[in-house]
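Just so it is clear: chains get the letters A, B, ... in the order the sequence lines come, proteins before strands, and each one is counted from 1.
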Protein chains: 2
Amino acid sequence: MSEISAAFPSPGHNHDHCVDQALADARSVCRRRGARFTEQRARVLELIWQSHRPLGAYQILDQLRTEGRSAQPPTVYRALDFLQDLGLVHRLASLNAYCGCVAPGAQHQSQFLICRECGVVAELREQAILRVVTEAAVSRGFRIDETSIEVAGICPDCARKPSR
Amino acid sequence: MSEISAAFPSPGHNHDHCVDQALADARSVCRRRGARFTEQRARVLELIWQSHRPLGAYQILDQLRTEGRSAQPPTVYRALDFLQDLGLVHRLASLNAYCGCVAPGAQHQSQFLICRECGVVAELREQAILRVVTEAAVSRGFRIDETSIEVAGICPDCARKPSR
DNA sequence: ATTAAATATGTTACATTATAACATATCATT
DNA sequence: AATGATATGTTATAATGTAACATATTTAAT
């Protein structure tokens with residue numbers, strides 16, 4: 001696999017394509033793993049992919065409810081757990097929110113750039129970052145299981161619009 | 001400033017020294033910044049420093065209460081906010097918990113190695129990590145405000161004890 | 001087709017983490 | 001002693017997440 005790390009989605013990109021891709025990937029991952037891609041799960045994933053902004057569990061819940069589905073917190077958290085287990089969504093600990101994974105299926109320890117202005121997230125997979133973190137850990141005798149690397153700041157688009 | 005990053009505290013280290021150091025540092029930072037190092041704040045900091053394991057806000061609250069202090073959540077969160085503002089404690093987003101800062105006062109974007117077995121945390125300040133993260137961000141036009149880099153795994157001491 | 005097992009969802013209740021809002025107290029300076 | 005700023009007390013509630021058990025749906029074997 002090539003090491004092309006995604007940047008921020010351009011404001012004018014065809015987002016329908018992102019959604020279609022995400023749903024197709026999900027179906028494929030589920031098929032491969034013998035997991036069921038149910039209506040609920042598909043809908044939760046679709047809601048998460050409605051933008052590149054992470055969504056809180058209760059935001060998802062509210063949207064499900066306005067669609068007339070009977071929904072309680074466990075409905076959402078179960079779907080989220082499922083999607084996380086399959087590597088289809090990520091939980092951002094610094095936000096208590098969930099975003100779609102840009103390259104599901106693959107092994108990954110991603111890193112996240114989070115814009116405080118517009119909320120958009122860019123998921124990176126920089127081998128260089130993982131490498132240097134691993135080095136630091138190893139040199140202290142620490143065995144890494146999982147990384148949570150989240151960086152808050154200002155994205156290029158918001159940087160262009162000054163004074164807000 | 002030298003780039004000596006702390007490793008895991010050795011199991012047999014003199015922890016009283018850590019506590020004394022932390023309290024002394026806190027007093028000094030407060031004096032320098034014209035902030036009041038009140039009894040409450042001191043006590044909260046001391047509780048956080050009772051070990052190298054991060055403590056949840058409600059764990060702190062419980063301990064304050066067993067000491068006979070009247071205490072409610074805001075008591076604790078205010079102290080924590082104060083201590084965080086002064087760089088005396090860190091919040092670990094992946095745990096919703098708080099740990100003492102090992103080198104308060106200085107500028108810092110630290111990284112944390114968190115043992116899932118024993119809960120001990122090592123705070124690193126690896127320029128190399130910060131550098132490569134910054135590079136990745138800059139190359140995408142992202143301006144970093146704050147990093148949250150937390151790594152879960154197994155610390156050297158727990159790795160030595162097998163089968164647990 | 002029928003049943004049994006596994007998996008998924010519904011539902012109620014509650015646990016955990018964090019904050020808002022306003023009253024009171026303490027401190028630092030005049 | 002009076003004032004303003006800072007800190008704490010107190011009540012209530014918001015936001016996030018989970019436990020536990022009932023029901024439904026799917027899958028696969030009979």
Calculate the interatomic distance between [X] atom [atom1] and [N] atom [atom2]; express it in whole Å.
X	N	atom1	atom2	answer
A/Leu92	D/dG17	CG	C1'	16 Å
A/Leu80	D/dT18	CG	C1'	13 Å
A/Leu61	C/dT12	CG	P	14 Å
A/Leu95	D/dG17	CG	P	11 Å
B/Phe37	D/dA7	CZ	C1'	15 Å
B/Glu39	D/dG9	CD	C1'	17 Å

What about A/His90 and A/Tyr98, are their ring centers closer than 6.0 Å?
no
What parts of residues 70-77 of chain A reach DNA chain C, counting only heavy atoms under 4.0 Å away?
A/Ser70, A/Gln72, A/Pro74, A/Thr75
Minimum heavy-atom distance B/Gly153-A/Phe142, with the two atoms named
N-CZ, 3.2 Å
OP1 or OP2 of D/dG17 under 4.0 Å from side-chain N/O of A/Asn96
yes
OP1 or OP2 of C/dG10 versus the side-chain N and O atoms of A/Gln40: is any pair under 4.0 Å?
yes
For residues 72-80 of chain A, run the donor-acceptor check on the side chains, cut-off 3.5 Å, and write out each pair with its distance to 0.1 Å, sequence neighbours left out.
| residue | atom | partner | partner atom | Å |
| --- | --- | --- | --- | --- |
| A/Gln72 | OE1 | A/Arg65 | NH2 | 3.4 |
| A/Thr75 | OG1 | A/Gln72 | N | 3.3 |
| A/Thr75 | OG1 | A/Gln72 | O | 3.2 |

salt_bridge(B/Glu67, B/Arg43) N-O dist < 4.0 Å:
yes
Hey, does the Lys NZ or Arg CZ of B/Arg27 hover above the aromatic six-ring of B/Phe37, less than 6.0 Å from the centre and inside 45° of the axis?
no
Under the ring pair (Phe, Tyr, Trp, His ring centres under 6.0 Å) rule, what do B/His15 and B/His17 come out as? Steps first, then yes or no, please.
CA-CA 5 Å; B/His15 188 65; B/His17 178 258; 9.8 Å; no
Find every protein N or O atom lying less than 3.5 Å from an N or O atom of nucleotides 22-26 of chain C, and list the pairs.
none

If stacking means aromatic ring centre less than 5.5 angstrom from the base's six-membered ring centre, planes under 30°, is B/Tyr58 stacked on C/dT16?
no
Backbone N or O of B/Ala152 within a donor-acceptor pair of the A/Glu146 side chain at under 3.5 Å?
no
Please classify the nucleic acid contact of B/Arg69 as base, sugar-phosphate, or nothing, using heavy-atom distances under 4.0 Å.
nothing
Under 3.5 Å, is there a donor-acceptor pair linking the side chains of A/Ser94 and A/Glu150?
yes
